[in-house]
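Each remark here refers to the structure printed beneath this line.
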2 protein chains.
Amino acid sequence: MNQSALGKELIGIDLFAADLASPERKSRSLIESVMHRLRIEIVQGVLSAGSRLLIDDLQRRFDVSGGTVREALSLLVSDGLVHAKTQRGFFVAPMSLQDLEGLTRTRVALECESVRESVKCGGSEWESNLVAAYSELIRSDERVMRNPDDEFDRWEIANRNFHRSLIGACSSDWTYRFLAVLNIHLERYRRLTSTRTLPERNVHAEHELIFQSALARDAEQCSLLLRQHIESSVSVVRQFALLR
Amino acid sequence: MNQSALGKELIGIDLFAADLASPERKSRSLIESVMHRLRIEIVQGVLSAGSRLLIDDLQRRFDVSGGTVREALSLLVSDGLVHAKTQRGFFVAPMSLQDLEGLTRTRVALECESVRESVKCGGSEWESNLVAAYSELIRSDERVMRNPDDEFDRWEIANRNFHRSLIGACSSDWTYRFLAVLNIHLERYRRLTSTRTLPERNVHAEHELIFQSALARDAEQCSLLLRQHIESSVSVVRQFALLR
DNA sequence: AGGTTAACGATAATCGATTTTTTTGATTTA
DNA sequence: TAAATCAAAAAAATCGATTATCGTTAACCT
């Protein structure tokens, strides 16, 4: 990665959406630990969208003081998973079809523009990273076909890495940051479609076309395919008719 | 505005970058008040980029408890003005040329894509809002020529409103949110070019062309002009050669 | 009955003190 | 000299208790 540090040691928004539960995420403080646990519970839907986050409850549940809970929640406001209203507490960010569409449109804007730039100005390092990420994704594709339950999480990581390396050449820390936020929210919607079965539509084929157009340095084509790829994954979720 | 509430009452990121000091910003809690004051000091450079934010100092300076300061700082992590590192405190977000470029690239991606959509699908409401915002901007242009010092802040607001109404038809809450974050950071860079004199290059003419192409429903042209407009405003700041 | 106020329980906000952790600077050791 | 050690000093993290605010219900008045 040619990126600057992007403050791996900074706390706040989560840059590694997919591997939420990865083991090496050792928390160095109670605040961080509570923040992390809350994030998982929100993304997984244990704490349901829109519901209130009562300090007292959480304080008891996590066996920490109120202040610690409040600070963890305040930090979670960063990635928009938690909303805060003055004098009336914290809430899990609500979900809605409108929100999902906004999420997607914004992702399209950022990711498609970035891939255009990357394809144009990506060097050999970008190219080899991309190739590596793609072949890892294919391998993961096969594995996940064989036994979906065990491999799904790893497939998601491979998928995310592929998307990241597509835009790896040109995007800024800010773009990364925002895409990370969008991703963690999108993951929340994906988990709503409970069944972790692999999508019926041929994601695999879509990836292949995107990959090839990137290598062929066809920026416009690549961007277009990527847009369709992203947008079509919405319609899958949309079928579940989220209310509001 | 056709937007959903976008939680005006939510605290966290600041959606009204320009009118930081506007009077009706009554804070309903100490946390909010401290957060607000800190935000102003950071954007204005009173607290310099990269510097440490010591709890003890701030606690004394604002005459509140440490916990209150910590929570205010944690909330400021949302809009990236404050960085937090576990067990070693809070910092003012650093500034660098690279950061400025990333900020700009990301803004271009979001704003240009949004304007494309808006120009395509904007209805009469969008159009009349745009016309209103533009004419207000012209009026502000004139006023600010006459006496720059007094009117500058108001011009910035008019300018921001013009940009917002350009993309008003189609963009999502997420896009708004991100653009607000980018804007407040860009404002920090603008203030670095101390002199609040109006830009030499003809911003006025650029705005006019953008406005006209929007009304003419020439999405591509409008997007292109907007891109150039945004990018050229960077080079102004760039001259000041921020180090690091 | 309709609306206003009063009181109370629940919850958020805030503080001051205490405990950990990091940083610093002097001293020792290889 | 450079690295390692260790003991304050500084700062962050955390807690438990207190205070302020909100929402709801009950009493009250015309």
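Because the structure is predicted, anything quoted here is derived from the model rather than measured. Here is how names work: the chains are called A, B, and so on, in the same order as the sequence lines, proteins then strands, and each is numbered from 1.
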With the criterion being N/O to N/O and under 3.5 Å, what pairs connect the protein with nucleotides 19-24 of chain C, and how long is each?
| residue | atom | partner | partner atom | Å |
| --- | --- | --- | --- | --- |
| C:dT22 | OP1 | A:Arg28 | NH2 | 3.0 |

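- For A:Ala49, the side-chain contact (heavy atoms from CB on, under 4.5 Å) partners two or more places apart in sequence, or in a different chain, are A:Met95, A:Arg188.
- Taking the salt bridge (charged side-chain N to carboxylate O under 4.0 Å, His left out) definition, one finds that A:Arg28 meets it with nothing, sequence neighbours left out.
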Protein-nucleotides 5-8 of chain D N/O pairs under 3.5 Å:
none

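- We find that CG of B:Leu30 is positioned 10 Å from C1' of C:dC15, with the value rounded to whole Å.
- Atoms CG (B:Leu53) and C1' (D:dA12) sit 13 Å apart, rounded to a whole Å.
- Considering only residues two or more places apart in sequence or on other chains, B:Arg105 meets the side-chain contact (heavy atoms from CB on, under 4.5 Å) condition with A:Glu117, A:Ser172.
- Applying the side-chain contact (heavy atoms from CB on, under 4.5 Å) test to A:Asp99 and every residue at least two apart in sequence or in another chain returns A:Ser96, A:Leu103, A:Tyr189, B:Trp174.
- Side-chain atoms of A:Ser29 and B:Gln87 include no donor-acceptor pair closer than 3.5 Å.
- In this structure B:Arg154 satisfies the salt bridge (charged side-chain N to carboxylate O under 4.0 Å, His left out) test together with B:Glu151, sequence neighbours excluded.
- B:Phe91 is linked by a ring-ring contact (aromatic ring centres under 6.0 Å, His included) to nothing, counting only residues two or more places apart in sequence or in another chain.
- With sequence neighbours excluded, no residue forms a ring-ring contact (aromatic ring centres under 6.0 Å, His included) with B:His83.
- For the residue pair A:Thr175 / B:Thr106, a side-chain donor-acceptor distance below 3.5 Å is found, with atom types taken as modelled.
- The distance from atom CG of B:Asp56 to atom C1' of C:dC15 is 14 Å, rounded to the nearest whole Å.
- Scanning for side-chain contact (heavy atoms from CB on, under 4.5 Å) contacts around B:Gln59 gives B:Ile55, B:Asp56, B:Val69, with sequence neighbours left out.
- Applying the salt bridge (charged side-chain N to carboxylate O under 4.0 Å, His left out) rule to A:Arg37 yields no partners; only residues at least two apart in sequence or on another chain are considered.
- Across C:dT14, D:dT14, C:dT11, the shortest atom-to-atom separation from the side chain of A:Leu54 is found for C:dT11.
- A:Ile55 has its CD1 atom 13 Å from the C1' atom of C:dA10, to the nearest Å.
- Of the residues in residues 58-77 of chain B, those placing a heavy atom less than 4.0 Å from an atom of DNA chain D are B:Arg70, in numerical order.
- Per the geometry, CZ belonging to A:Phe91 stands 11 Å off C1' belonging to C:dT11, to the nearest Å.
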